[in-house]
Amino acid sequence: GAVVSQHPSRVICKSGTSVKIECRSLDFQATTMFWYRQFPKQSLMLMATSNEGSKATYEQGVEKDKFLINHASLTLSTLTVTSAHPEDSSFYICSAREEQGGYNEQFFGPGTRLTVL
Amino acid sequence: AQSVTQLDSQVPVFEEAPVELRCNYSSSVSVYLFWYVQYPNQGLQLLLKYLSGSTLVESINGFEAEFNKSQTSFHLRKPSVHISDTAEYFCAVSDRGSGYSTLTFGKGTMLLVSP
């Protein structure tokens, strides 16, 4: 089956620093990648959708300048949390999809736990 | 726009008992429906999905869900649960119409199976 990896799985950083999270599709080419955020005991909230080679589409309320998304290749998307603050602490999950026509399943990564001190 | 309601935030059940996790959705267009399972500190795994055809869909580990259009529901059931089924379960919906479709998730139901 399709595999999506994320790196790192956990990261702890100081307030004010930037953190980069990588999302890779290991055995397929992901035309579209999604970034979600999940607070403890809550659902996944879509942050942004990125298509390879183009700018990401952010959901309402998500700061584009704070959450920088790059989808430079068909197998890699990165999310950079700039000037992180404690309120950015969360579980970040990416998913990837290969466009083949009709319905295309999203495959989810294992998530990255970000803790900002 | 779509929305998903999972009325139960937590469902405790004894091992080998049956369980039903409820999911209702709202949408102005035709939808695809999904159930995902999330184990602690892990990402989501697709459990089962309804795209078209038979309204009853099954997973390989004994779960099933039935799409009921008139009641706009997609409840998840298992006749006999195991301890290992303890996890968070998310119902999700995606509309059929657009070229790419995003998933809208419910708030999740924690299934707690005890011996």
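The sequence lines fix the lettering, A, B, ..., with proteins before strands; numbering per chain opens at 1.
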- Note on the structure: Answer key: most heavy-atom pairs under 4.5 Å with chain A among B/Ser52, B/Gly106, B/Ser9, B/Ala92 is B/Gly106
- Side chain from CB out, backbone as N, CA, C, O: work out which of these in A/Leu46 comes under 4.5 Å of a heavy atom of chain B, or both, or neither. side chain
- Please state whether the side chain, the backbone, both or neither of A/Gln38 comes within less than 4.5 Å of a heavy atom of chain B. side chain
- With a 4.5 angstrom heavy-atom cut-off, which part of B/Phe90 approaches chain A: side chain, backbone, both or neither? side chain
- Message: At a 4.5 Å cut-off on heavy atoms, which part of B/Glu88 comes close to chain A: side chain, backbone, both, or neither?
- Response: neither
Under 6.0 Å from the [atom1] atom of [X], do we count more than 12 heavy atoms belonging to anything else shown?
{"X": "B/Ile60", "atom1": "CD1", "result": "no"}
{"X": "B/Met110", "atom1": "CE", "result": "yes"}
{"X": "A/His7", "atom1": "NE2", "result": "no"}

- From A/Gln106 atom CD to B/Thr102 atom OG1, the distance as rounded to the nearest 0.5 Å: 8.0 Å
- Please step through side chain to side chain contact (heavy atoms under 4.5 Å, CB included) for the pair B/Leu103 and A/Phe34, ending with a clear verdict. CA-CA 10 Å; B/Leu103 288 167; A/Phe34 304 84; over 6 Å; no
- Message: Hydrophobic cluster membership, with links at side-chain heavy-atom distances under 4.5 Å among I/L/V/M/F/W/Y: are A/Leu76 and A/Tyr92 in one?
- Response: no
- Residue pair A/Phe108 / B/Leu44: nearest heavy atoms and the distance that separates them: CB-O, 3.4 Å
